[in-house]
Structure formats: structure tokens, C-alpha cells
Amino acid sequence: MDETQVEQTIAKLAERISQDYKGKEIHLICVLKGGVFFTCELAKRISVPVTLDFMSVSSYGAGTSSSGVVKIVKDLDESITGKEVLIVEDIIDSGRTLSYLMKLLKQRNPASVKLCTMLDKPERRVVEDVVVDYVGFHIPDQFVVGYGLDYNQRYRNLPYIGVVELEE
């Protein structure tokens with residue numbers, strides 16, 4: 001996806017989110033590190049009031065596929081009790097991390113919890129209970145970088161999303 005496609009998709013998502021939350025305030029939870037680029041661009045385009053917090057959750061390590069072990073590296077700074085929560089993620093593939101995160105956050109008594117992702121790889125899903133409310137792009141099972149997505153902490157700053165072709 002080139003830079004223009006990414007920007008247009010974020011604008012459409014923000015418009016839809018703004019309509020769905022009309023008259024309410026949204027508490028965005030950015031899943032670091034990859035989600036920060038998407039979250040900031042999305043937040044700028046949402047027309048209803050927005051508050052923001054960050055979590056860092058890991059299930060990858062240094063590889064290109066999920067380890068299946070979910071670890072909270074940084075928890076929220078504020079309570080989400082009674083808030084309209086929208087988790088913002090860069091990519092969802094197996095669903096393990098988001099399944100864990102959704103269950104954890106629902107225990108904290110928010111008014112609601114929904115999920116927004118820039119990229120969704122539904123064919124990689126191994127967890128059935130992850131419902132993605134807002135999706136930028138559905139993509140095939142390829143390893144991608146750019147716009148916050150990385151390979152060993154590199155390529156996050158690309159203004160587009162590209163496929164990494166690793167040599168065997």
C-alpha cells in the first residue's frame with residue numbers, strides 16, 4: 001500500500017469511528033511500538049473528543065512470527081473504568097495477543113472495548129474470539145514493514161507498507 005492509500009484509508013476509518021462515537025469521548029489505547037504511527041494519524045482525524053494511553057504487549061521477540069507467549073511490557077497509566085475504549089493496533093494475525101489484551105481490559109470495567117487495526121491477516125487467525133471492529137486493510141499471509149511495522153526494529157519509518165521477501 002502506498003502512502004496515499006494508507007492516508008485515505010486512515011481518513012475513512014476516522015470518519016466511521018467519529019460517526020459511531022458521535023456524542024461520546026473515545027479513549028484510544030495504542031499498542032506500542034508499531035501502533036504509534038497509525039494511532040497518531042488516526043487520532044488527528046477523529047472529530048469526537050479523544051484521550052490516549054499506551055500499552056506495550058509483546059508476542060514476537062526478534063523473529064517474524066508470533067511466539068504465542070504474551071508479555072505486558074508497559075501497562076496503562078490511567079484507569080479505563082467507564083470509558084469507551086478503542087484499542088489501536090498496527091497488525092493482527094494469530095489473534096493471541098489481542099485475545100489476551102481484550103480479556104484483560106474488559107476486566108477493568110470500561111463502558112465498551114472495541115478493536116481497530118491498520119492491517120488484518122485473517123487467514124493466520126488461531127484464536128476465534130477476536131472480533132476486529134475497524135480494519136484498514138485485509139492482507140495475505142506475508143511479512144510486512146513500514147508505517148510502524150518493523151523487522152528487527154528497522155523500517156518502521158517508511159511512509160508506506162511493503163512486503164519483506166526473506167531469502168531462505
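In what follows, every heavy atom counts, from backbone to side chain, and hydrogens, waters and symmetry copies are set aside.
- By the 4.5 Å heavy-atom criterion applied to side chains, Arg125 and Asp120 are counted as neighbours.
- Residues in residues 105-116 take part in these salt bridge (Lys or Arg N to Asp or Glu O under 4.0 Å) pairs, two or more places apart or across chains: Asp75-Arg108.
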Please report, to 0.1 Å, the donor-acceptor pairs under 3.5 Å made by any side chain of residues 130-140, with sequence neighbours excluded.
residue	atom	partner	partner atom	Å
Asp133	OD2	Leu115	N	2.8
Tyr134	OH	Asp20	OD2	2.7

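- Counting all heavy atoms, side chain and backbone alike, Ile91 lies closest to Val144 at CD1-CG2, 3.9 Å.
- Rounded to the nearest 0.5 Å, atoms CE (Met55) and NZ (Lys74) are 8.0 Å apart.
- Atom CD of Glu123 and atom CG of Asp141 lie 5.0 Å apart (nearest 0.5 Å).
- Interatomic distance, CD1 of Ile92 versus CG of Leu98, reported as 4.0 Å (0.5 Å rounding).
- Counting heavy atoms from C-beta outward, Val127 and Tyr100 have side chains that stay 4.5 Å or more apart.
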Criterion side-chain contact (heavy atoms from CB on, under 4.5 Å) on Met118 and Leu149, from CA distance to verdict: CA-CA 10 Å; Met118 171 68 93; Leu149 298 143; 5.8 Å; no

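- Atom NZ of Lys24 sits in a sparse spot, with 12 or fewer heavy atoms from other residues, nucleotides or ligands closer than 6.0 Å.
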Ile10 and Arg45: CA distance, side-chain angles, deciding distance, side-chain contact (heavy atoms from CB on, under 4.5 Å) verdict: CA-CA 8 Å; Ile10 292 172; Arg45 292 166 173 85; 3.8 Å; yes

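- A donor-acceptor contact shorter than 3.5 Å is absent between the side chain of Ser99 and the backbone of Gly95.
- Ala43 and Val50 make their closest contact through CB-CG1, 4.5 Å (heavy atoms, listed as atom of the first residue, atom of the second, distance).
- Asp90 has its side chain out of reach of Val31: every pair of non-hydrogen atoms, C-beta onward, lies at least 4.5 Å apart.
- With a 4.5 Å cut-off on side-chain heavy atoms, Asp150 and Lys33 do not count as touching.
- Within the 4.5 Å cutoff, the side chain of Asp129 has heavy atoms near those of the Lys103 side chain.
- Ile26 CD1 to Lys83 NZ: the interatomic distance, rounded to the nearest 0.5 Å, is 13.0 Å.
- The shortest heavy-atom contact between Ile161 and Gly146 is CG1-O, 4.2 Å.
- Atom CD1 of Ile80 sits about 8.0 Å away from atom CD1 of Ile87, to the nearest 0.5 Å.
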side-chain contact (heavy atoms from CB on, under 4.5 Å) evaluation trace for Val70 with Leu101: CA-CA 9 Å; Val70 178; Leu101 190 57; over 6 Å; no

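- Shortest non-hydrogen contact noted between Leu42 and Cys116 is CD2-SG, 3.9 Å.
- Looking at Glu15 and Lys12, no side-chain N of the basic residue comes within less than 4.0 Å of a carboxylate O on the acidic one, giving no salt bridge.
- Using modelled atom types, one side-chain atom of Asp53 and one backbone atom of Asp77 make a donor-acceptor pair closer than 3.5 Å.
- The shortest non-hydrogen separation linking Met1 to Gln5 is CA-OE1, 3.2 Å.
- Taking every heavy atom of both residues into account, Tyr151 and Phe143 meet most closely at CD1-CE2, 3.7 Å.
- We find the CZ-CG distance between Phe38 and Leu119 to be 8.5 Å, quoted to the nearest 0.5 Å.
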